[in-house]
Amino acid sequence: MAVPTYHTLVFAVAREIPPGRVSTYGAIADYLALGSARMVGWALNKSFAAGHDVPAHRVVNRKGELSGRAHFPTPTMMEELLQAEGVAVADGRVQDFEAHFWHPKALGDDFEIEALKPG
DNA sequence: TATTTGACCTTTA
DNA sequence: GTAAAGGCCAAAT
């Protein structure tokens with residue numbers, strides 16, 4: 001966390017995703033205005049390996065599909081967590097995805113500064 | 001130091 | 001309308 005790399009920003013934004021809401025790789029990438037959506041998913045992959053407490057289960061692809069479920073400890077963990085938060089998931093897809101969609105921009109323009117503050 | 005990979009998105013045929 | 005390929009850029013090997 002000492003040096004704000006791309007992961008740092010992705011982790012910070014992912015952590016700020018409110019429960020019961022889901023975001024997309026493109027939304028995070030667009031908010032960060034860096035790299036591309038691929039990097040977001042790639043960064044989240046390391047989130048578990050690095051032991052970060054990042055709610056990666058709240059991040060899905062543009063179609064609302066749980067594309068990253070296969071990378072979780074268990075393939076059903078992602079779906080279980082979302083359902084536990086009140087997000088309806090069926091067949092590996094988020095129901096009413098647009099209704100649960102959440103854009104990082106909702107945090108405000110000062111978030112990225114707060115995220116980089118040492119804590 | 002150079003090459004390969006990656007939980008995606010957008011555009012064109 | 002569906003299908004395929006390209007583009008994006010950083011991190012690990």
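Letters go in sequence order (proteins before strands), and every chain restarts at 1.
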(message) If I compare all heavy atoms of Phe72(A) with all of Met78(A), which pair ends up nearest, and what's the gap?
(response) CE1-SD, 3.5 Å
(message) How would you summarise protein contacts on nucleotides 4-13 of chain C per nucleotide, using B for base, S for sugar-phosphate only and - for none, with heavy-atom distances below 4.0 Å?
(response) ---BBBSSS-
(request) Can you tell me the distance, in whole Å, between the CG atom of Asn61(A) and the C1' atom of dC8(B)? (result) 8 Å
(message) So Tyr25(A) and Leu44(A), do their side chains get closer than 4.5 Å, heavy atoms only?
(response) yes
(message) In whole Å, I'd like the distance from the CG atom of Asn45(A) to the C1' atom of dT5(B).
(response) 11 Å
(request) To the nearest Å, give me how far apart CG (Asp30(A)) and P (dC8(B)) are. (result) 17 Å
(request) Using modelled atom types only, decide if a donor and an acceptor are shared between the side chain of His100(A) and the backbone of Gly20(A) within a distance under 3.5 Å. (result) yes
(request) Work out which heavy atom in Ala27(A) is nearest to a heavy atom in His103(A); give both atom names and the distance. (result) CB-CD2, 3.8 Å
(request) Spell out, as yes or no, whether a donor-acceptor pair under 3.5 Å connects the side chain of Ser23(A) to the backbone of Val59(A). (result) no
(request) Grab the NE2-C1' distance between His71(A) and dT5(B) for me, whole Å please. (result) 12 Å
(request) For Asn61(A) and Lys63(A), indicate whether the former's side chain and the latter's backbone hold a donor-acceptor pair under 3.5 Å. (result) yes
(message) Regarding Ala56(A), tell me which of base, sugar-phosphate or nothing describes its non-hydrogen contacts under 4.0 Å with the strands shown.
(response) base
